[in-house]
Amino acid sequence: MKKLLLGNEAIARGVYEAGVRVSSAYPGTPSTEINETIATYPEIYSEWAPNEKVAVEVALGAAVSGARSFACMKHVGLNVAADPYYTASYTGVNAGMVIVVADDPGMHSSQDEQDTRMIAKSAHTPCIEPSNSQECKDFIKAAYEISEEYDTPVIVRITTRVAHARTLVEIGERDELPLREYKRNIKKFVSMPTNMIGRHVYVEERERKLTEAASGLSINRIEWADKKVGVITSGAAYNYVKEAMPTASVLKLGLVYPLPRRMIEEFAQQVETLYVIEDMEPFFEETIKAWGIPCSGKDRTGVQGELFARKISAKFCDDDEPGPMNTPGIPNRPPVLCPGCPHRGLYYVLGKLKLTVCSDIGCYTLGALPPLSGVDTCVCMGASIGMAHGMEKARGTEQAKKTVAVLGDSTFCHSGLTGLLNMAYNRSVGTVIIADNSITGMTGHQNNPANGLDIHGEPTTQLDIVKLCESMGVASVRIVDPFDVKELEKVLREETARDGLSVVISRRPCALIVKQPGIPFISDPDKCKNCGMCMKIGCPAIRKTETGVAIDPTQCVGCGLCQQLCPFGALHTEK
């Protein structure tokens, strides 16, 4: 039987068919759908972990105990998980352990274009890369075989286009594998220096053996055609090469680290001109050149942005350059906070108070865009708190009273706890705002420890943020509704004036999970002076016309924020 599956759904199917027992992940686009789909298979224990580090530690514990295990994340999530992952390369596993990492060429939903192949090489662990949904499923199963044969965790690297493209997949049955025997082995699993010195030698030998075997692996293949041009490629780029250069001979790499040197050398000897076409960094190209094999590729494509067929056709086949992606005459439409979003009121007040805002990763980052323009910094999960603390220590208390850190409830659970503890421990002056919308919003509404529901939507232990902050020594913890603009402004003025550490919890559920009870608003043209106050919140339901503002009833959720800002009483609900 065949099904049309997203790459992410096919990965989940591969995890199921491979007999995996434990899966742990933190949601991150473009990887989120993987664990969501795994959660539909009752044979697999699945969970949302507070962050990627915990997810990898859970997977490693399960693998060491004898169960095939799995973790998944986006590329920057592997940075968070790097601590356990690098050492897991030394300890090895017992049963198979696979980690899917989704890279994001073009930065569609990410803050950088990190190339996971570089981390796989640095950690001395294999890295596999599929090109379509069928390979997503098949390569997962191959990854578990490699993991167990070579006693190593394995990375399966995907990119956005593979994760979110649908292709046909042949569905198979699940392999019900017994638990492997767990044997206490201190020299292998206790990462003390004396033990890991010996394990490092093992890692080197393991990598040498896998390099020798790589040229014979079925996931690496040569597709011969015209030998005037040969292309070495992998992943999504393989699909673009086949479309743009149909007459070229292609060496398609499935194992992207370590590289099959003998296979590459033989391929290079038989083609007249050798190109290397790969997304992001010149990972293949630099290695192949270091072996003394003439080739090129990045001199034409560059390292920035994602590849696509027209770009390859222009760079390697002398075709016309691809035109602009945006249609002339149509204005850009940047992403905005949803109608009724609780973060909108928060950023309006922050802007009114002219505070320096160290923001974080989440929906609320959209507060950086006009007209709210309410974000000064955004780096990574949890950095808002650390950066606000750093500003206070560098510039003094007066700066601290003009600076706030803003992060969401899920981000606070992910990486904010240690930052807040650091502020309390080091006697910081400042205000941390937790924008608690009761969900992990940006990645598609996943549950987290702060809302008391697990990955299946079942009730579980709920983190009490107030008690947690108080236990850390935060002097003042207050909860406020961001739709109550006057109260919010009053609370923020009071808390930022404190000579100490405070936390303000801006609490209201995401408008997409709890519908606002209000009736859509309308504008009274007799009272509207077109002053623009209601436009300052950047609500997509409000637009300005020559005769005054108009409200789109199909978008307005009746939150009432605009009504609070109108000085002339021109906005009211329909009767």
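Atom set for the values below is all heavy atoms of this structure, side chains included, hydrogens, waters and symmetry mates excluded.
Between Leu420 and Leu501, some side-chain heavy-atom pair lies under the 4.5 Å cut-off.
If you check the side chains of Tyr257 and Glu207, you find a donor sitting under 3.5 Å from an acceptor. In this structure, a donor-acceptor pair under 3.5 Å is present between the side chains of Glu306 and His108. Checking Thr125 against Tyr150 by side-chain atom types alone, no donor-acceptor pair falls below 3.5 Å. Side-chain contact of Asn239 with Glu243: a donor-acceptor pair under 3.5 Å is absent, judged by distance alone. For Asp112 and His75, the side-chain atoms include at least one donor-acceptor pair closer than 3.5 Å. In summary, the side chains of Glu36 and Gln446 do present a donor paired with an acceptor at a separation below 3.5 Å, with no hydrogens or angles considered. For Ser109 and Thr29, the side-chain atoms include no donor-acceptor pair closer than 3.5 Å.
Cation-pi geometry between Arg262 and Phe267 is not met: the NZ or CZ atom fails to fall both under 6.0 Å from the ring centre and inside 45° of the normal. In this structure, Arg206 fails the cation-pi test against Tyr90, since its NZ or CZ atom is not both closer than 6.0 Å to the six-membered ring centre and inside 45 degrees of the ring normal. Taking the centre and axis of the six-membered ring of Tyr16, the NZ or CZ atom of Arg174 falls inside the cone set by 45° and 6.0 Å.
Side chain of Thr91 to backbone of Phe189: no donor-acceptor contact under 3.5 angstrom is found. A side-chain donor-acceptor contact under 3.5 Å links Lys298 to the backbone of Glu278. With Asn426 contributing its side chain and Ser428 its backbone, the two residues share no donor-acceptor pair below 3.5 Å. No donor-acceptor pair closer than 3.5 Å links the side chain of Asp360 to the backbone N or O of Leu407.
In terms of heavy atoms, Glu285 sits closest to Val276 at N-CG1, 3.9 Å.
Under the ring pair (Phe, Tyr, Trp, His ring centres under 6.0 Å) criterion, Tyr144 pairs with no residue, sequence neighbours left out.
Once rounded to the nearest 0.5 Å, the distance linking NZ of Lys137 with CG of Asn132 reads 11.5 Å.
When the options Thr32, Asn35, Thr440 are evaluated for a side-chain contact (heavy atoms from CB on, under 4.5 Å) with Tyr26, the one that passes is Thr440.
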side-chain hydrogen bond (donor to acceptor under 3.5 Å, both in side chains) assessment of Glu135 paired with Tyr238: CA-CA 12 Å; Glu135 289 187 351; Tyr238 163 78; over 6 Å; no

